[in-house]
Each structure stands twice: as C-alpha cells, then as structure tokens.
Asker: 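For reference, the structure I am asking about is given below.
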2 protein chains.
Amino acid sequence: MTKQGVTVEERRKPRDAVDQILDQWHKERPDLDLSAMGVFGRLGQLSLLLTPALEEVFTRHGLRRGEFDVLAALRRSGPPYTLIPSALAKTLMLSRAGMTNRLDRLEADGLVERRLDPTDRRSFHVALTARGHRVVDAAVTDHAANESRLLSALTPDERETLDHALRTLLQAIE
Amino acid sequence: MTKQGVTVEERRKPRDAVDQILDQWHKERPDLDLSAMGVFGRLGQLSLLLTPALEEVFTRHGLRRGEFDVLAALRRSGPPYTLIPSALAKTLMLSRAGMTNRLDRLEADGLVERRLDPTDRRSFHVALTARGHRVVDAAVTDHAANESRLLSALTPDERETLDHALRTLLQAIE
DNA sequence: ATCGAATAGTACGACAGCTAACTATCAGCC
DNA sequence: GGCTGATAGTTAGCTGTCGTACTATTCGAT
C-alpha cells in the first residue's frame, strides 16, 4: 500500500511523516495553499521530539526542564546570580503565578532562596544557593554537550544555514 | 548599558534575545561549546511564540489546538474519515489516556462519534460527524492561510532553505 | 484448543501550567 | 501629604496531560 504510486521524482529525498501529511491534505483538499504547512509541521514535530531528548539530561541532575530554565537564567545573569520573580517570568515567558510555583519547588529543594529586597518591599531577590550554583553548572555542561550531539549530524554549513533561517523567521514573527 | 561594547561586526545582523543569552553564557562560562545552543534556543522561542499565533485561529472555530489536531487527522485520512484511538494517539504523539480525554470532549461537542468496530471488540472507530466535517474544513482553511501569513515575511528562497534545513535536522534526530 | 503475552481503551491520582481575584507596596500628580 | 493607578507576588480553582493500574479482547505458539 505504501509503495504504490511513488514516482521517481518523489524518491529523490526521503519522504518523512510531514510529507505524508501534506500528501493527504493535497488529495483531500486540493484547494488549500499548503506552501507553509511543511515548515510549521516540521517545527512542531521537532519540538515534540526534542522535548524528551533534552529532558533526559535534566533528569540526570534531578531537575525538570522548567526548573533548569530558572537556574540557568540566574546563573548566566552573572554575579550576584540574583533576579526578581517578575524578571524571571518575563524572560522565560511564564505567568507570574507559574513562577511562584517553580520558585516554591526550587526553594524546597534548596537550589534557590528568596532574599528581601531593601529597595522594594513588594518584591525580593531570587538567589542561587551554593548548591544551586553547583547543580546548574554541572547540568548546563551536559546540556550543551547534548545539544551539540543532537546537531552533530549536520555539517557546519547546514547548521549555519539553519540558524540563519530560524533567526529570520523569529524576526518576522515577533 | 545595552549599547556599550557593541562592535561594528555585531551590528551587521540585528541581535535578538537568543544572541543575548549566548553572550551571557559566553561571559560566565567561556569553557562551554555554545555552537548548538543558538539553534535550539531559537527553535524553543519559535515554538513559544507560534503557539498563541496559531491557537487564535482555532479559537475562532470553537476549538483548542489539540482538538483541531484530532479532527484534522480524521479529515485528511480521507473517506470514511475514521481512525481508531490508538492510531490517533500514535500519529499525534499523545498518550492513549490523553486521547480518551480529547475524544470525550469532541464527542460531547458532537464533532466525532464512537462506532463499534465489528472486527475488534476491544476497539472502535472514531468518525467525524457531519458537523465535525464542516468545522474542520472551515478551520483548516483559515489555519493554512494563517500559516502562509506568518511565513509571508520570508522570500520563497528563504522558505525553501528553512524547510530543507528542518527536514535535515528532523531526519538526524529521529 | 488452550494458555500466556500483547494490545485496546479507560479510570484515577498527580502535576504543572493558566486566569482571575486579592493584598501589599510603590510612583506620580495635584 | 494623600489619592489614583500601576506593579509584585500569592492564592484558589480549572484544565489538559501523564503514568499506572485495571478489564476486555485478540494473537500466537505449541
């Protein structure tokens, strides 16, 4: 069934799951303009496949992805490794309520602590603890290596091209 | 503060949020290989920004994205617009428990119905109702147009390049 | 023909996110 | 100095997903 109707032209590049979806749509709704659907389909599929591939590394360090993101934002902000919850929520594109939750978990694990902000009594500083610092340093090392591994099948040229294309799209959408 | 230290070379292409994150990491952890982080950072950011941009169209048709995905899978499968829950869960990369839930909602809304499978009494056929067919046809028309609009800032050449790069990465990861 | 393993769907409890409502505090303006 | 509106964080309730455990059915090897 699957080999039927595969023309010579279609055999050139391996057809993936997204191609099959586009074929189905073309057959059922030939009126639709499908020119963009392939890109978004592949983006979605990538995001779905990448999630567990990245999560696995965080799990090895006792973290969930969301928790790593918070620790990483603090770590890369530089000394004194401190940000306020609103700033964290904004950069991580998370609701403030969600940030409250994440911070509760991280604080219970002893990875961050809430310190009074002397200049604004509505807020406070979220600071990496010594242990949080160690954990995120170890995790980000593995994470960067894992990302490199996942991209290792692409040539440097292909990587550069992909990065440039993603940058263009990101700029177009914002 | 932000304008300090921006060299001529850096001004060539506009620096985005991901560039700033990479700068921070480079400063704090010069030992890390950041060559892959830009690609994954932009993929993640795209996925985050795209979600509400696509969801908005589904909302106009009374659907959530997950519900649309189910209806779309049924619609593009062609006559008789019928699949079993396991097959749906697999193609949508969703747990079977999650699929049970989605089907419950869709059935309550009268968009699909569960029909007995005469050949396997463990299972059944999920079928589009007439209303489900109408709704998904209208939704996918708008959805395809929305996707085209979101990509309209890219030239045909840029689209082709992006699609090819995504295809390569997807193939590398699977 | 039968028995064990695999498969299909569901119920249940946990979980992490969201929105909306709420309290406390700050900033600006008169 | 004292309102008014904006901002910071939390709480409460809802939602959609997951993993696990369970029942029913089918498949396959002998």
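Just so we're on the same page: letters track the sequence lines, and every chain starts at 1.
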Asker: Enter the distance from A/Phe68:CZ to A/Leu106:CG here, rounded to the nearest 0.5 Å.
Answerer: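 Nearest 0.5 Å value for the CZ-CG distance: 12.0 Å.
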Asker: Let me know the distance between CZ of B/Arg105 and P of D/dT17, rounded to the nearest Å.
Answerer: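 Nearest whole value for this atom pair: 5 Å.
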Asker: Can you tell me how far P of C/dA16 sits from CD of A/Glu55, to the nearest Å?
Answerer: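 Value for this atom pair: 10 Å.
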Asker: Write down the distance between NZ (B/Lys90) and C1' (C/dG9), rounded to a whole number of angstrom.
Answerer: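 Rounding to the nearest Å, NZ of B/Lys90 and C1' of C/dG9 are 16 Å apart.
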Asker: Determine: side-chain N/O of A/Arg64 to OP1/OP2 of C/dA16, distance under 4.0 Å, yes or no.
Answerer: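 A/Arg64 to C/dA16 OP1/OP2: side-chain N or O found under 4.0 Å.
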Asker: Quick one: which of D/dG9, C/dC26, C/dA20 gets closest to the side chain of A/Asp120?
Answerer: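 Per side-chain heavy atoms of A/Asp120, the pick is C/dC26.
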Asker: Looking only at non-hydrogen atoms, find the nearest pair between B/Ala17 and B/Gln45 and report the distance.
Answerer: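 Heavy-atom minimum between the residues: CB-NE2, 3.7 Å.
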Asker: Within the 4.0 Å heavy-atom criterion, would you say B/Arg114 contacts the bases, only the backbone, or no part of the nucleic acid?
Answerer: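 Here B/Arg114 touches the backbone only, sparing every base.
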Asker: Return the value, rounded to whole Å, for the distance between atom CD1 of B/Ile84 and atom C1' of D/dT26.
Answerer: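 Rounded to whole Å, this separation is 12 Å.
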Asker: Between P on D/dT15 and CG on B/Asn101, what's the gap in Å once rounded to a whole number?
Answerer: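 Checked: the CG to P distance equals 12 Å.
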Asker: For the pair made of CG in A/Asp104 and P in C/dA16, what is the distance, rounded to whole Å?
Answerer: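 Value for this atom pair: 12 Å.
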Asker: Using a cut-off of 4.0 Å on non-hydrogen atoms, how would the nucleic acid contact of A/Ser123 be classed: base, sugar-phosphate, or nothing?
Answerer: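 Sugar-phosphate contact only - A/Ser123 comes under 4.0 Å of backbone atoms but never of a base.
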Asker: What's the CZ-P distance between B/Phe58 and D/dG16, to the nearest Å?
Answerer: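 So the CZ-P distance, B/Phe58 to D/dG16, works out to 15 Å.
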Asker: I'd like to know if the side chain of B/Arg60 reaches the main chain of B/Asp142, judged simply by a donor and an acceptor atom lying under 3.5 Å from each other, with no hydrogens or angles considered.
Answerer: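 No, the answer is negative, given that no donor and acceptor are paired below the 3.5 Å cut-off.
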Asker: Is any side-chain nitrogen or oxygen of A/Ser95 closer than 4.0 Å to OP1 or OP2 of C/dC18?
Answerer: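 True: A/Ser95 side-chain N/O within range (under 4.0 Å) of C/dC18 OP1/OP2.
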Asker: Contact class for A/Arg121 (heavy atom, under 4.0 Å): base, sugar-phosphate, or nothing?
Answerer: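 Answer is sugar-phosphate: A/Arg121 comes under 4.0 Å of backbone atoms only.
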Asker: For the pair made of CZ in B/Arg102 and P in D/dT15, what is the distance, rounded to whole Å?
Answerer: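 Whole-Å distance recorded here is 16 Å.
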Asker: For the residue pair B/Thr141 and A/Arg29, confirm or rule out a side-chain donor-acceptor distance under 3.5 Å.
Answerer: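 B/Thr141 vs A/Arg29: donor-acceptor pair found between side chains.
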Asker: Nearest to the side chain of B/Arg122, heavy atoms from C-beta on, is which of C/dT7, D/dT11, C/dC26?
Answerer: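 For B/Arg122, the side-chain atoms sit closest to C/dT7.
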Asker: Taking the side chain of A/Thr100 as heavy atoms from C-beta outward, which of D/dT10, C/dG9, C/dC26 is closest to it?
Answerer: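 The closest nucleotide is D/dT10.
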Asker: Going by the ring pair (Phe, Tyr, Trp, His ring centres under 6.0 Å) test, which pairs reach into residues 77-130 of chain B, not counting sequence neighbours?
Answerer: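 Output for this query lists B/Tyr81-B/His133.
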Asker: Over all strands shown, is A/Ser86 touching base, sugar-phosphate only, or nothing at heavy-atom distances under 4.0 angstrom?
Answerer: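 Touches sugar-phosphate only.
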